[in-house]
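The structure under discussion appears below in the form of structure tokens.
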2 protein chains.
Amino acid sequence: MEGKANIQDVAKRANVSIATVSRVINNQGGVRKQTEERILKAIQELGYIRNAAARTMKSKDTKTIGVIVPDINNPFFPSVMAGIEQKAREKGYFAILSSTNESPVVEQEILKNFIERGVDGVIITTANENGDHLKQVLEQGIPMVAVDRSIQYYDVDTVLVDNVKGSYQAVQHMILQGHEKIAIICGPQNTTPGRERFIGYKKALEDYNLKLDERYIFQGDFGERSGYQGAHQLYSLEDRPTAIFSSNNLMTIGCVKAIGDLDWKLGEEISFFGFDDVDIATFINPKLSVVSRPMHALGELAFQLLHERIQFKDPVPKREYKLSPELIIRESCRLRYPKSSPDGQSLKK
Amino acid sequence: MEGKANIQDVAKRANVSIATVSRVINNQGGVRKQTEERILKAIQELGYIRNAAARTMKSKDTKTIGVIVPDINNPFFPSVMAGIEQKAREKGYFAILSSTNESPVVEQEILKNFIERGVDGVIITTANENGDHLKQVLEQGIPMVAVDRSIQYYDVDTVLVDNVKGSYQAVQHMILQGHEKIAIICGPQNTTPGRERFIGYKKALEDYNLKLDERYIFQGDFGERSGYQGAHQLYSLEDRPTAIFSSNNLMTIGCVKAIGDLDWKLGEEISFFGFDDVDIATFINPKLSVVSRPMHALGELAFQLLHERIQFKDPVPKREYKLSPELIIRESCRLRYPKSSPDGQSLKK
DNA sequence: CTCCTAAATGTAAACGTTTAGATTTTCTTA
DNA sequence: TAAGAAAATCTAAACGTTTACATTTAGGAG
């Protein structure tokens, strides 16, 4: 009983034509109950499993979507993926997941492969927002939705987190606590999240009449190491900041590590706010205040948009969703008494 | 210029037959340079991309492997996945990833779908080691390798971590520090890791003539919550343990959280060793000692074994690898002075 | 210039489905 | 019970490749 049975074998055994078998496999109805049972029995006995490749050849669709993430080790993406997968499974879709390690070249290859395989749609967090490597996909009429990073030159549905709002609120929170020397550890400025979180930071300072101080701006790369370096550099400043805003989870980890190593008193000498919740946030003392992103929801929404595109091929205009992040206030930001020593004696007002 | 070009179109445009085109697509040689260039040009101009489904119909293989994990949110699996993916890409394979949420039913469905798609192989961490749902895959002659959890009734290549050794060493370490009342937070006993880590624990106690105390054995389920509950229960004991060994990462997190909430002095009143390294390990004070698994290597090896099976279909006997975990000694285990108050005054020899 | 051989290219038959459209069977109704 | 309609079933043609085998072409040797 090799795994060889095909629809022919089933048809023969059930004494019907392959068309009828096909009908019951896809429950299209119009088959007498008695016949159906006979066919089902034959399928059972032969251990028949339909061949997806052959099916795809005729019907075009694969019930497969391709998912591209830049870094599978960043816990943000598995979470998003979980959301995607859940919704996908509900609708009978499967997901091919590939990680680019932030390499546009790899991304290009993966996309080509996705097209070869005839994926019904693509969900992507691109490694290169300005690239034209996405063109090929769109040209094939394959729907695409961008997650977390938007795409420059093409109109694709996009699901973002409101980064500006998130970082604005975080920085605002620190300002309202009396901080004036607030540093930021930035992400790469050629990525949407990196850029936007910086914008929120600037906007908050502006709205509260604090001037931007170059010394307090550290350019990181979203990697743990750069967070570590950032904190070190800020610490080495003559005039240290009293608060730090870190632009993503990994840098937060690096940053907090450095703060610990430097014996910089978190929540006292230095307040802290991070973008993205992290496991460690509630383990260190004081607990970290963070901006939390609705990752699962992001994934669910992304699939939902994609699915709509897959089903109704009509050209609906591009849609863009911005999900609001949530401020989780814990303990790493303490009231600050401006212009005075940090002992809290001379409370202003 | 719809994304419709097929091999026929290319052939026509290059003024050759489809056979020749096929030959250059698969670089099989035997095509005059001049002709090849003409074909390449046509491909370029038409934006032709070969149809994987049609290809698969003839040549049988899909260059796709299916990967099944029980919980995509457990950081262990993305790490393994990264290893798999890296090796796979090197060999021109792609991976379909699906998460079962520990549900054997879902797992069964996914496997069926994998067969439909004609994956060339399967890498799986099964949700049900005793299930016969794996039979269908093997029957189709699809190679399979098990990762982290072995499979009962079938002979498949297996890549494991030496759980017994890991937990043995961890417990041994605590014993040698003088601990006698060592508790364990177990994983489910119907999974290999859960079982084996418990065995290592028992063995260590036995070897050092410590008797197993039922009160110090807490049955968890590898989830964070159960770790939390475990620590609570142990704390509520009249005669508290002086050390805890936690069987996995998530339970470690729960456990450490509880210890914090209970104000149980980590590293002083209670020593701790966890299986699996976690982000938080180096953030809390004292830093956590853990057993660390070579996750990336696990994934790489798994793919390698699978690839061998795919290439050489000959029935090689089942192979089983056990990778050694590594003990990372940090600070959460302190010397214990047995039989005396924990103030360390009465050091026994 | 022929002939022969080897290299290059072409022809046509699968692969396993789905699905119009044709045909047969069953059921209803007069 | 026959006719007609409706339901069930069948036939055959795709889908886009790969590949064994057949055919043509090129290039030397005589």
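Naming convention: chains lettered A, B, ... in sequence-line order (proteins, then strands); numbering from 1 in each chain. Nothing here was measured: the structure is a model prediction, and the numbers come from that model.
A close approach under 4.0 Å does not occur between any side-chain nitrogen or oxygen of B:Lys60 and OP1 or OP2 of D:dT17. Put simply, B:Arg32 has no side-chain N or O that comes within less than 4.0 Å of OP1 or OP2 on C:dA8. The side chain of A:Ser22 contributes an N or O atom lying less than 4.0 Å from OP1 or OP2 of C:dT18. A:Asn6 has no side-chain polar atom (N or O) that falls below the 4.0 Å cut-off from OP1 or OP2 of C:dC15. Contact between the side-chain N/O atoms of A:Ser17 and the OP1/OP2 oxygens of D:dT9 is not found at any separation under 4.0 Å. Between A:Arg23 and D:dT9 there is no side-chain polar atom (N or O) within less than 4.0 angstrom of OP1 or OP2. Distances shown here put every side-chain N or O of A:Asn51 at or beyond 4.0 Å from the OP1 or OP2 atom of C:dG16. OP1 or OP2 of D:dT17 has not a single side-chain nitrogen or oxygen of B:Arg50 nearer than 4.0 Å.
Distance from the side chain of A:Ile18 is smallest for C:dT17 among the nucleotides C:dT17, C:dA8, C:dA13. With D:dT9, C:dT9, C:dT18 as the choices, the nucleotide that has an atom nearest any side-chain atom of A:Thr35 turns out to be D:dT9. For B:Ala19, counting side-chain heavy atoms from C-beta on, the closest listed nucleotide (D:dC10, D:dC15, C:dG10) is C:dG10.
Heavy-atom minimum distance, A:Ala82 versus B:Ile72: CB-CG2, 3.9 Å.
Atom CD1 of B:Ile25 and atom P of D:dT17 are 7 Å apart (whole Å). Computed from coordinates, the B:Lys12 NZ to D:dT17 C1' distance equals 16 Å when rounded to whole Å. A straight line from CG of A:Asn26 to P of C:dA20 spans 13 Å, rounded to a whole angstrom. Whole-Å rounding puts the A:Arg117 CZ to D:dT17 P distance at 15 Å. A:Arg55 places its CZ atom 19 Å from the P atom of D:dT17, with the value rounded to the nearest Å. Rounded to a whole Å, the CD1 atom of A:Ile39 is 15 Å from the C1' atom of C:dT17. In this structure, A:Gln140 places its CD atom 12 Å from P of D:dG16, rounding to the nearest Å. Separating the CD1 atom of B:Ile7 from the C1' atom of C:dG10 is a distance of 13 Å, rounded to the nearest angstrom.
Of the two residues near DNA chain C, B:Ala54 and B:Val16, the one whose nearest nucleotide lies more 5' is B:Val16.
In summary, the side chains of A:Ser150 and A:Thr158 do not present any donor paired with an acceptor at a separation below 3.5 Å, with no hydrogens or angles considered.
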**Asked** Are B:Ile142 and B:Asp120 close enough, and set up right, to give a side-chain contact (heavy atoms from CB on, under 4.5 Å), and what steps lead you there?
**Response** CA-CA 6 Å; B:Ile142 300 175; B:Asp120 295 343; over 6 Å; no
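Each of A:Glu109, A:Arg117, A:Glu116 was evaluated against A:Asn113; a single residue qualifies, A:Arg117, per the side-chain hydrogen bond (donor to acceptor under 3.5 Å, both in side chains) test.
At a threshold of 4.0 angstrom between heavy atoms, the contacts of B:Gln28 are confined to the sugar-phosphate backbone, with no base atom among them.
Using a cutoff of 4.0 Å between basic side-chain nitrogens and carboxylate oxygens, A:Glu36 and A:Lys33 are not scored as salt-bridged.
Side chain of B:Asp157 to backbone of B:Arg319: a donor-acceptor contact under 3.5 angstrom is found.
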